[in-house]
Amino acid sequence: MATLARSVLVTGSNRGIGLELVRQLAASPRPPKHIFATCRDATSLRGKALQELAARHPNIKLIQLDTVDLPSIRGAVQTVETHLEGQGLNLLINNAGVGSQATLQSVDAQEMLATFAVNVVGPLQVAKEFLPLLEKAAKDAGTEGLSCSRAAIINVSSKVGSIGLCLGVLEAPMYPYRASKAAQNMVTRCLAEELRDKGILCAAIHPGWVKTDMGTEQAPMTVERSMQGILEVLGILSQETCGAFLDWEGNRLPW
Ligand code: NDP
């Protein structure tokens with residue numbers, strides 16, 4: 001199996017989907033040279049599992065990155081740049097996100113804005129600040145076409161953010177979460193259109209309903225299974241799937 005990418009950065013990698021992504025990337029037969037595992041606080045108890053993983057894999061670099069804090073993002077860009085020693089960043093996975101169960105009755109402006117800050121503003125700001133490193137990777141790749149091994153931004157989205165499907169609103173209204181993922185999807189589409197000609201692939205991916213703190217124990221799928229699928233899908237993304245909304249099995253979803 002070929003290396004997915006020489007360098008990969010994952011946001012929100014101290015637990016759930018992000019932690020499993022980093023774990024599987026590090027355990028792959030041909031792991032990336034650099035796995036930038038970022039999280040809000042890697043030093044406290046919240047980052048313990050990630051610290052233990054990094055201790056076993058020297059290619060995992062723990063980096064502080066709060067996706068809603070611009071100085072923190074810029075600090076992370078500088079640290080990543082130092083590790084890359086003149087090379088670009090190939091793959092940025094915007095995974096960090098927050099859930100919200102607010103209904104029409106309970107929702108308020110504060111909850112909407114807090115959810116949008118992390119799920120929409122965060123991935124956009126992170127993409128914007130890491131863009132020079134992604135552009136560098138795209139330019140230096142020496143290949144045409146789009147792929148995660150050249151340069152890519154993957155935004156972890158959710159099927160419940162699909163306006164086309166508008167799934168189960170009565171059972172799970174989740175106004176802030178759904179609206180934020182729909183907005184994040186638009187950000188992904190715009191980035192895909194704007195960055196395609198620069199050699200950077202952008203796509204949104206739905207991991208399925210997964211057992212994590214956010215997905216809860218009720219979820220039907222393990223995080224291991226979902227990440228196996230996602231890594232396979234990432235490996236086959238190309239021009240044809242640039243700007244697509246896919247699930248963990250590679251099926252196209254309506255926006
Ligand atoms: P978890 O709640 O288990 O983990 C969320 C992660 O995001 C944590 O690492 C958390 O860090 C991090 N995070 C939250 N806010 C910030 C921030 N401001 N800066 C940096 N990191 C932050 O969720 P999942 O692992 O389940 O979800 C990951 C992604 O997958 C999300 O985007 C989610 O919307 C999406 N998703 C999940 C599904 C599921 O069934 N689980 C289904 C569909 C989509 P901290 O520990 O510091 O809070």
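No experiment lies behind these values; they were computed from the predicted model shown. All heavy atoms count here, side chains included; hydrogens, waters and symmetry mates do not. Index from 1, following the sequence. Read the numbers this way: they start at 1 and go in the same order the structure lists the ligands and their atoms.
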**OP:** Might you confirm whether atom CD of E52 has over 12 heavy atoms from other residues, nucleotides or ligands at distances under 6.0 Å?
**Re:** yes

Subject >> Option whose closest heavy atom lies nearest to atom 38 (C) of ligand 1, chosen from G208, G97, S158 >> reply: G208

**OP:** Could you pull out, from D213, D66, N14, L65, the option with a heavy atom nearest to atom 18 (N) of ligand 1?
**Re:** D66

Looking at [Y], is its backbone amide N or carbonyl O close enough to the side chain of [X] to form a donor-acceptor pair, meaning the two atoms are under 3.5 Å apart?
| X | Y | result |
| --- | --- | --- |
| S226 | P207 | yes |
| Q51 | A42 | yes |
| N119 | K181 | no |

Subset of ligand 1 atoms that lie under 4.0 Å from at least one heavy atom of [X]:
| X | value |
| --- | --- |
| V156 | 29 (C), 30 (O), 32 (O), 35 (C) |
| G16 | 3 (O), 25 (O) |
| W209 | 40 (O) |
| V118 | 15 (N) |

**OP:** Decide side-chain contact (heavy atoms from CB on, under 4.5 Å) for N90 and V8; before the verdict, give the C-alpha distance in whole Å, the side-chain angles of both, and the deciding distance to 0.1 Å.
**Re:** CA-CA 6 Å; N90 301 110; V8 182; over 6 Å; no

Write out the residue and atom name of the closest protein heavy atom to [atom], then the distance separating them to 0.1 Å.
| atom | value |
| --- | --- |
| atom 48 (O) of ligand 1 | R40 NH2, 2.7 Å |
| atom 26 (O) of ligand 1 | T212 OG1, 2.5 Å |
| atom 21 (N) of ligand 1 | A96 CB, 3.4 Å |
| atom 44 (C) of ligand 1 | S157 O, 3.0 Å |
| atom 40 (O) of ligand 1 | V210 N, 2.8 Å |

Looking at ligand 1, would [X] count as a contact under a 4.0 Å heavy-atom criterion?
| X | answer |
| --- | --- |
| P207 | yes |
| M221 | no |
| G47 | no |

Heteroatom proximity flag, [X] to ligand 1, N/O under 3.5 Å:
| X | value |
| --- | --- |
| H206 | no |
| G12 | yes |
| Y177 | yes |

Original post:
When L9 is tested against each of L133, N94, L92 for side-chain contact (heavy atoms from CB on, under 4.5 Å), which residue passes?
Top reply: L92

**OP:** Could I get the full list of side chain to side chain donor-acceptor pair (under 3.5 Å) partners for T212, not counting sequence neighbours?
**Re:** none

**OP:** Kindly indicate whether the side chain of L195, heavy atoms from C-beta on, has any atom under 4.5 Å from the side chain of L131.
**Re:** yes

Original post:
Do T79 and T82 have side-chain atoms, one donor and one acceptor, less than 3.5 Å apart?
Top reply: no

